[in-house]
Visitor: 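Shown below is the structure under consideration.
Note: hydrogens, waters and symmetry copies are ignored here, and every other heavy atom, side chains too, is used. One-based numbering along the sequence shown. Quantities reported herein were computed from a predicted structural model and do not represent experimental measurements.
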Amino acid sequence: MSNTPKRAGNTAGKSRRKELVLDLPTARQMLPLVKSIVMDIVAGRTAIGKLTPEQERLDRHRRDLVWQERQRRYQVGEEINAAEKSLSAAVVELTTLGVNLINEDDGEVDFPTRINGRSAAFSWRLGEDRLDHWHYSGEELRRPIPADWQFIAAVPSRYRGTP
């Protein structure tokens, strides 16, 4: 019998993690890092997309391959595995920041926030210079962020640049 106390389980099935709410200045400060991560994700998806047909072709003809083609088959498999690991690490990094990956092919992400008491997100896509769009949760329509918006939200200190 162990003397370690037992912890209560999450019987309701709800996440214990509190919903992260980012204000607009914080989301804009995070954008350079998020942009770099998203570029890695899109590059990984592109690499996998280019290598997969080659791997499938080599796998179909694996019994008839000459030595160089067999070597290439193993190399392609290793390159795909490396790209998948890199892609997974980048997605985890985004998730750790509290940013949601919406579309890995287009590089679209959402920064969670609340607008008028409703769950919403600031939306950014790879290729855009700034964070200039938002939408309510569950909506696909990206609306321009009005110039006069100022958000004050409870943001963890790690995103504000304070210790």
Visitor: Evaluate side-chain contact (heavy atoms from CB on, under 4.5 Å) for Ile41 paired with Leu94, printing each intermediate quantity in order.
Guide: CA-CA 10 Å; Ile41 290 171; Leu94 267 185; 3.6 Å; yes
Visitor: Do Val109 and Val91 belong together in a cluster built from hydrophobic side chains that touch within less than 4.5 Å?
Guide: yes
Visitor: Let me see the working for His135 and Leu141 under side-chain contact (heavy atoms from CB on, under 4.5 Å), right down to the final yes or no.
Guide: CA-CA 6 Å; His135 64 87; Leu141 175 67; 5.9 Å; no
Visitor: In a check of side chain to side chain contact (heavy atoms under 4.5 Å, CB included) between Thr113 and each of Asp23, Leu24, Val21, Leu20, which one passes?
Guide: Val21
Visitor: At what distance, to the nearest 0.5 angstrom, does CZ of Arg114 lie from CG of Leu22?
Guide: 13.0 Å
Visitor: With rounding to the nearest 0.5 angstrom, report the CG to CZ distance, Leu31 to Phe122.
Guide: 12.0 Å
Visitor: What heavy-atom pair brings Ala120 and Ser137 nearest, and what distance separates the two atoms?
Guide: N-OG, 3.6 Å
Visitor: Would you confirm whether Glu78, through its side chain, and Gln75, through its main-chain N or O, come within 3.5 Å as a donor-acceptor pair?
Guide: no
Visitor: Hydrophobic cluster membership, with links at side-chain heavy-atom distances under 4.5 Å among I/L/V/M/F/W/Y: are Phe111 and Tyr136 in one?
Guide: yes
Visitor: Regarding Arg28 and Asp132, does a basic nitrogen lie under 4.0 Å from an acidic carboxylate oxygen?
Guide: yes
Visitor: Is the backbone of Trp134 close enough, under 3.5 Å, to the side chain of Arg143 for a donor and an acceptor to pair up by distance?
Guide: no
Visitor: What's the separation between atom CD in Glu93 and atom CG in Leu33, rounded to the nearest 0.5 Å?
Guide: 6.0 Å
Visitor: Kindly say whether Ala82 contributes a backbone atom to a donor-acceptor pair with the side chain of Ser86 at under 3.5 angstrom?
Guide: no
Visitor: Would you indicate whether the side-chain heavy atoms of Val42 and Glu104 approach each other to under 4.5 Å?
Guide: no
Visitor: State the CG-CG distance between Asp110 and Leu101, to the nearest 0.5 angstrom.
Guide: 9.5 Å
Visitor: Under a 4.5 Å cut-off applied to non-hydrogen side-chain atoms, are Arg62 and Arg73 in contact?
Guide: yes
Visitor: Consider only side-chain heavy atoms of I, L, V, M, F, W and Y, link residues closer than 4.5 Å, and tell whether Met39 and Ile48 are in one cluster.
Guide: yes
Visitor: Could you walk me through whether Ile80 and Thr52 pass side-chain contact (heavy atoms from CB on, under 4.5 Å), step by step?
Guide: CA-CA 8 Å; Ile80 288 174; Thr52 300; 4.2 Å; yes
Visitor: Give, for atom CG of Leu58 and atom CD of Gln55, the distance between the pair rounded to the nearest 0.5 Å.
Guide: 8.0 Å
Visitor: Indicate yes or no for a side-chain donor-acceptor contact from Arg72 to the backbone of Glu69 under 3.5 Å, with no hydrogens or angles considered.
Guide: no
Visitor: So does Glu108 get a backbone contact from the side chain of Asp106, meaning a donor-acceptor N/O pair under 3.5 Å?
Guide: no
Visitor: Is there a donor-acceptor pair under 3.5 Å between the side chain of Trp124 and the backbone N or O of Glu128?
Guide: yes
Visitor: Say whether, by atom type as modelled, one donor and one acceptor occur between the side chain of Glu54 and the main chain of Leu51 under 3.5 angstrom.
Guide: no
Visitor: Any donor-acceptor pair under 3.5 Å linking the side chain of Ser123 with the backbone of His133?
Guide: no
Visitor: With rounding to the nearest 0.5 angstrom, report the NZ to CG distance, Lys35 to Asp129.
Guide: 6.0 Å
Visitor: Report yes if the side chains of Arg70 and Leu65 come closer than 4.5 Å at any heavy-atom pair, otherwise no.
Guide: yes
Visitor: Answer yes if Leu87 and Leu97 sit in the same cluster of Ile, Leu, Val, Met, Phe, Trp and Tyr residues linked by side chain heavy atoms under 4.5 Å apart, and no otherwise.
Guide: yes
